[in-house]
Amino acid sequence: MTSDGNRQITLSQRPVGYPTESDFSLVESPVPHPREGEVGVQAIWLSLDPYQRGRIRGGASYAAPVELGEVITGGVVGRVIESRTPSFQVGDIVEGPLGWQEYALSDGRNLRKVDTTMGPLPTALGVLGMPGMTAYFGLLDVGQPKPGDTVVISAASGAVGQVVGQIAKIMGCRAVGIAGSQEKIDYIVDELGFDAGINYKTENLDTALATACPLGVDVYFDNVGGVVTDAVLEHINTFARNVICGQISQYNLEEPEPGPRNLGLLIIHQARMEGFLVFQFAHRYEEGRQRIAGWMKAGKVKYREHVVEGLENAPRAFMGLMRGENFGKLLIKVSGE
Ligand SMILES: NC(=O)c1ccc[n+]([C@@H]2O[C@H](COP(=O)([O-])OP(=O)(O)OC[C@H]3O[C@@H](n4cnc5c(N)ncnc54)[C@H](OP(=O)(O)O)[C@@H]3O)[C@@H](O)[C@H]2O)c1
């Protein structure tokens with residue numbers, strides 16, 4: 001579906017529990033034109049990410065919430081179609097938080113020019129974008145893996161998890177992924193080279209972790225929280241590092257589940273648990289991007305994307321992300337490259 005105006009997805013009501021279609025509205029406004037100092041960008045790719053659930057919840061967090069009637073927050077790769085600043089030329093490919101809409105204005109402060117020689121355009125939102133940076137700095141700086149360590153990753157086939165496991169392998173670790181379907185397990189083991197995979201929906205987690213991690217767990221890269229995390233903590237080693245990256249199992253609950261109740265294990269094992277936000281490493285993104293791009297060229301890091309066509313399908317795709325229906329980095333193709 002195309003139009004002459006600017007189609008936007010706005011927040012019509014705050015979701016209660018899992019988001020539904022009626023929480024979102026598709027609206028159309030005139031295509032905006034830049035004023036002095038601004039650029040106009042046409043979106044090509046839109047990134048759907050779990051953090052957006054927090055932004056539409058409202059309330060205090062590390063970033064301001066989306067207000068009712070506002071365009072939903074989201075990372076975009078797009079093309080500059082009008083420029084009234086010398087910093088950007090018409091035709092530049094840029095990336096920035098331009099939201100769920102076809103056209104957006106920016107004063108340039110939140111835009112970066114994408115180096116299109118590093119990878120295909122959507123990688124700027126995935127393996128070479130925010131999720132890739134999360135995997136790189138979360139594992140290497142917070143998790144501090146050593147050769148021979150066992151690294152367990154939850155949501156292992158997702159945008160962040162798939163990169164974490166591959167970097168763990170590059171670092172000489174044993175990589176064990178936890179995911180929600182046999183297809184996802186086959187992918188991380190057979191295609192990405194993880195040493196083992198556990199389906200948390202069908203397997204007994206305790207037994208499966210004991211089998212997959214015979215020497216225990218040295219680094220746990222936690223994307224999900226809840227019962228999966230409780231189970232992994234039972235297997236940590238002395239001086240283990242638990243990297244708290246995400247807690248997606250809790251994002252759609254009105255009240256957080258009780259627990260974890262086994263934090264005493266951190267005392268027994270003198271282990272660390274540390275949350276982080278990828279933005280704290282923003283000054284080092286170029287390092288992360290260069291290293292991951294190098295590994296991609298060497299065939300050591302692969303990636304999988306899940307592409308949905310059309311801005312109007314973003315709400316439904318986002319609802320699927322919250323239920324594990326995505327397989328790889330979830331992207332909306334908004335317009336042609
Ligand atoms: N700290 C940071 O700065 C930062 C930055 C980026 C992302 N994150 C966090 O990292 C995590 C992964 O993000 P992503 O972009 O890579 O998403 P993703 O893994 O591509 O997609 C989310 C996945 O989470 C899994 N999931 C959904 N509900 C679940 C549940 N109740 N229990 C267990 N798993 C569930 C699903 O996979 P299965 O089929 O395997 O269940 C789903 O595919 C999220 O928690 C996100 O908030 C944090």
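Counting starts at 1 for both ligands and their atoms, following the listed order.
Close N/O approach between L277 and ligand 1 is not found [any backbone or side-chain N/O within under 3.5 Å]. Between Y251 and ligand 1, at least one pair of N/O atoms sits closer than 3.5 Å. For the pair I244 and ligand 1, the shortest N or O to N or O distance does not fall below 3.5 Å. Considering backbone and side-chain N/O of V278, one or more are found under 3.5 Å from N/O of ligand 1. Annotation: F276 places an N or O atom under 3.5 Å from an N or O atom of ligand 1; distance criterion only. Looking at ligand 1, you'll find an N or O of K184 within less than 3.5 Å of one of its N or O atoms. Taking any N or O of C245, backbone or side chain, at least one lies under 3.5 Å from an N or O belonging to ligand 1.
Heavy-atom proximity to S249, at under 4.0 Å, picks out these atoms of ligand 1: 30 (C), 31 (N), 32 (N). Each of the atoms 40 (O) of ligand 1 lies under 4.0 Å from some heavy atom of A179. For ligand 1, the atoms sitting less than 4.0 Å from at least one non-hydrogen atom of G246 are 9 (C), 45 (O), numbered in the order shown with element in parentheses. Per-residue contacts place Q247 under 4.0 angstrom from the following atoms of ligand 1 (heavy atoms of the residue considered): 45 (O).
Looking at R109 and E38, no side-chain N of the basic residue comes within less than 4.0 Å of a carboxylate O on the acidic one, giving no salt bridge. Electrostatic pairing of E36 and R84 counts as a salt bridge here, judged by a charged N lying under 4.0 Å from a carboxylate O.
Distance from atom 16 (O) of ligand 1 to its nearest protein heavy atom, with residue and atom name: V160 N, 2.8 Å. When only non-hydrogen protein atoms are considered, atom 19 (O) of ligand 1 lies nearest to G158 CA, 3.2 Å. At the shortest separation from atom 21 (O) of ligand 1 among protein heavy atoms lies N326 ND2, 3.2 Å. In this structure, the protein non-hydrogen atom closest to atom 13 (O) of ligand 1 is P50 CG, 3.6 Å. For atom 4 (C) of ligand 1, the nearest non-hydrogen atom of the protein is T134 CG2, 3.7 Å. In terms of protein heavy-atom proximity, atom 10 (O) of ligand 1 is nearest to N223 OD1, 3.2 Å. Nearest protein neighbour of atom 26 (N) of ligand 1, counting heavy atoms only, is I248 CG2, 3.6 Å. Scanning all protein heavy atoms for the shortest distance to atom 40 (O) of ligand 1 gives G180 N, 2.8 Å.
Figure legend: K329 and Y303 shown without cation-pi pairing, the cationic atom not lying both under 6.0 angstrom from the six-membered ring centre and within 45 degrees of its axis. Relative to the ring axis of Y18, R323 places its NZ or CZ within 45° and under 6.0 Å from the centre. Annotation: cation-pi geometry not satisfied between R241 and Y220 (NZ/CZ under 6.0 angstrom from ring centroid, within 45° of ring axis). Geometrically, R291 does not engage Y136 in a cation-pi contact, judged by NZ or CZ lying under 6.0 Å from the ring centre and within 45° of the ring axis.
Contact annotation for P131 and ligand 1: no heavy atom of the residue comes within less than 4.0 Å of the ligand. Contacts between M130 and ligand 1, counted as non-hydrogen atom pairs separated by less than 4.0 Å, involve the side chain only. Within the 4.0 Å heavy-atom criterion, the part of V224 lying near ligand 1 is the side chain and not the backbone. When non-hydrogen atoms are compared, ligand 1 lies under 4.0 Å from neither the backbone nor the side chain of E325.
Aromatic ring orientation, F318 versus W100: perpendicular (interplanar angle above 60°, classes split at 30° and 60°).
Put simply, part of L321 is less than 4.0 Å from ligand 1, judged by heavy atoms. Remark: distances from the non-hydrogen atoms of Y200 to ligand 1 include one below 4.0 Å. Within the structure, ligand 1 lacks G226 among the residues with a heavy atom less than 4.0 angstrom away. Taking a 4.0 Å cut-off on heavy atoms, M322 registers as neighbouring ligand 1.
Shortest non-hydrogen contact noted between A175 and G165 is CB-O, 3.7 Å. Nearest approach of V66 to L11, heavy atoms of both residues: O-CD2, 3.6 Å. Minimum heavy-atom separation, Y51 to G74: OH-CA, 3.9 Å.
Each of M133 and L121 belongs to its own hydrophobic cluster when Ile, Leu, Val, Met, Phe, Trp and Tyr are linked at side-chain heavy-atom distances under 4.5 angstrom.
When side chains are defined from C-beta on, V278 counts as touching M130, because their heavy atoms get closer than 4.5 Å. In this structure, R7 and L26 have side chains that are in contact, with non-hydrogen atoms separated by less than 4.5 Å.
Side-chain contact, Q182 with D186: a donor N or O sits under 3.5 Å from an acceptor N or O.
Judged purely by atom type and a 3.5 angstrom limit, R79 has no side-chain atom pairing as donor or acceptor with the backbone of I44.
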side-chain contact (heavy atoms from CB on, under 4.5 Å) between V39 and L111, worked out: CA-CA 10 Å; V39 287; L111 286 188; 3.6 Å; yes
